[in-house]
Protein chains: 2
Amino acid sequence: MSLRYALLALLTAEPLTGYDAAKRFSGSVGHVWHAPDSQIYPELRRMEQAGLIDGKQVPWGPRSTKKQYSITDLGIEAFREWMCTPIEYTPARNVHHLQAAYFEWTDTEHARAHLQNHIDYYAAQLAQWKIIHRSILDRTNPTMVKRTEKYPAEQHEHIVAFKAFAYEGMISLAQTEIDWAQKGLSLLDRIASSDVFYTTEPTGQ
Amino acid sequence: MSLRYALLALLTAEPLTGYDAAKRFSGSVGHVWHAPDSQIYPELRRMEQAGLIDGKQVPWGPRSTKKQYSITDLGIEAFREWMCTPIEYTPARNVHHLQAAYFEWTDTEHARAHLQNHIDYYAAQLAQWKIIHRSILDRTNPTMVKRTEKYPAEQHEHIVAFKAFAYEGMISLAQTEIDWAQKGLSLLDRIASSDVFYTTEPTGQ
DNA sequence: ATATCCATGTAATGCGTTACATGATTTG
DNA sequence: CAAATCATGTAACGCATTACATGGATAT
């Protein structure tokens with residue numbers, strides 16, 4: 001159900017085609033919320049049926065059209081209501097931490113590679129998020145501009161502050177993952193330099 | 001596919017019934033990896049069919065039996081192989097951060113409640129994880145005892161270190177979430193004390 | 001005896017991923 | 001005119017959640 005509200009959130013800024021939405025969810029915003037087009041198009045159709053959004057055929061090129069969705073009053077109300085309801089916390093399922101817990105089942109080199117991979121992945125995320133964070137704060141982010149245009153100038157600061165705040169959360173999580181993996185690399189160093197390691201098999205049932 | 005390896009991981013320590021596994025995944029270990037029984041029983045059957053585990057009917061009470069699964073050599077090999085392969089990173093989809101990004105669509109009190117909820121949730125997680133982390137380090141954790149029994153004493157330290165390391169990751173993530181939400185509360189305080197806020201509606205299309 | 005574990009499932013539904021498909025428009 | 005981009009889907013599959021179901025064993 002969250003994809004629906006992620007879409008409504010996007011549509012509070014400006015009307016979009018399915019393609020536009022899909023592009024956002026796999027571009028820069030996709031680092032925060034990802035969804036494939038095969039999920040987006042049907043969901044938009046369901047949302048239109050539910051009256052949350054309004055799809056208009058607009059001309060595209062000389063002969064063709066595309067369907068552009070705008071949020072309706074009902075959609076705005078639904079989004080606002082969702083914004084007031086607490087979201088359930090889904091049970092933890094962190095597969096990378098699970099794997100790290102069993103590093104005695106692989107060798108130091110593979111374990112090191114996993115952790116390095118972890119660092120690389122989150123370093124890339126971090127870089128992306130920092131760029132977006134900056135573009136939000138200095139008001140060069142195009143979607144933010146579109147969004148703030150609808151509000152009186154006094155409120156821009158808050159709107160910007162909330163978006164920045166959300167990204168700051170992602171940034172600190174990514175940094176935490178990197179720090180953790182780096183501690184893991186140190187742990188592996190300490191272990192590898194000790195004599196006993198990886199006779200590989202347990203001694204018996 | 002990860003549930004399969006989470007189950008294999010558990011079974012490297014000791015044989016389990018479906019019920020045992022389900023209990024672990026909703027008890028203390030459930031704060032790291034959760035799965036409902038309706039998923040566990042069929043998966044165990046599939047794993048048995050694949051030869052990764054071996055189910056034996058063992059007596060339970062005077063008249064009844066239960067099925068206890070042990071990991072097979074093939075299962076150990078599969079687990080070891082999985083431990084050597086890098087795990088894909090699934091695209092980010094953090095619904096709480098998404099909601100926080102749009103706090104201008106609700107009022108200060110609801111926003112505050114969301115953040116307080118966030119703090120409470122992760123504080124509870126943190127408390128759980130710290131307890132497990134401690135029980136791993138001081139070797140009172142029963143599953144850890146079962147697990148280390150199979151290995152020579154020289155390796156116990158590493159096995160313990162990896163488990164502790166994994167929990168440390170969860171602990172710092174939970175702490176990061178708490179810190180973030182607390183910053184959010186401060187932000188809301190600053191905003192609430194300023195004059196302009198929540199005339200609620202955008203000025204116009 | 002009665003409540004609480006222990007034990008094991010089925011069924012419906014929804015969300016998400018991957019793969020398969022197609023065609024128009026714009027840009028170089 | 002070829003390539004990249006814009007545009008929109010369908011289909012199959014798997015994983016996860018929720019609800020529905022049942023019954024034996026143990027402890028008080």
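Below, chain A is the first sequence line, B the second, and so on; all start at residue 1.
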Round to a whole Å and report the spacing from [atom1] of [X] to [atom2] of [N].
X	N	atom1	atom2	value
B/Asp20	C/dC5	CG	P	15 Å
A/Tyr5	C/dC15	OH	C1'	15 Å
A/Glu88	D/dT18	CD	P	8 Å
A/Leu44	D/dA7	CG	P	13 Å
A/Glu48	D/dG9	CD	P	10 Å
B/Met1	C/dT17	CE	P	16 Å
A/Gln39	C/dT18	CD	C1'	12 Å
A/Lys66	C/dT25	NZ	P	12 Å

Using a cut-off of strictly less than 4.0 Å, decide whether [X] has a side-chain nitrogen or oxygen near OP1 or OP2 of [N].
X	N	answer
A/Tyr19	D/dC6	yes
B/Arg63	D/dG24	no
A/Tyr41	D/dT8	yes
A/Trp60	D/dA7	yes

Provide the closest heavy-atom pair for B/Arg45 versus B/Tyr69 in the form atom of the first, atom of the second, distance.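 Taking every non-hydrogen atom into account, CG-OH, 4.2 Å.
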For [X], answer base if it contacts any base atom (sugar-phosphate contacts may also be present), sugar-phosphate if it contacts only those atoms, and nothing otherwise; contact means non-hydrogen atoms under 4.0 Å.
X	answer
A/Arg45	sugar-phosphate
B/Arg93	sugar-phosphate
A/Ser38	base
A/Pro62	sugar-phosphate
A/Asp37	base

Upstream residue (5' side of DNA chain C) when A/Gly61 and B/Thr17 are each assigned their closest nucleotide: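 Whichever sits nearer the 5' end wins; that is B/Thr17.
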Nearest heavy atom decides the nucleotide; on that basis, is B/Gln68 or A/Ser64 closer to the 5' end of DNA chain C?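 In this pair, the answer is B/Gln68.
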Can you check whether B/His158 and B/Phe162 have ring centres sitting under 6.0 Å from each other?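 Ring centres of B/Phe162 and B/His158 not closer than 6.0 Å.
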Intermediate values then yes/no, side-chain contact (heavy atoms from CB on, under 4.5 Å), B/Tyr5 and A/Tyr102: CA-CA 11 Å; B/Tyr5 295 101; A/Tyr102 293 89; over 6 Å; no
Within the 3.5 Å criterion, strictly below it, is a donor on A/His97 or B/Tyr167 matched to an acceptor on the partner's side chain?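 The answer is no; no qualifying pair exists.
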Can you check whether B/Arg4 reaches B/Arg46 side chain to side chain, under 4.5 Å on heavy atoms?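 Contact flag for B/Arg4/B/Arg46 side chains = yes.
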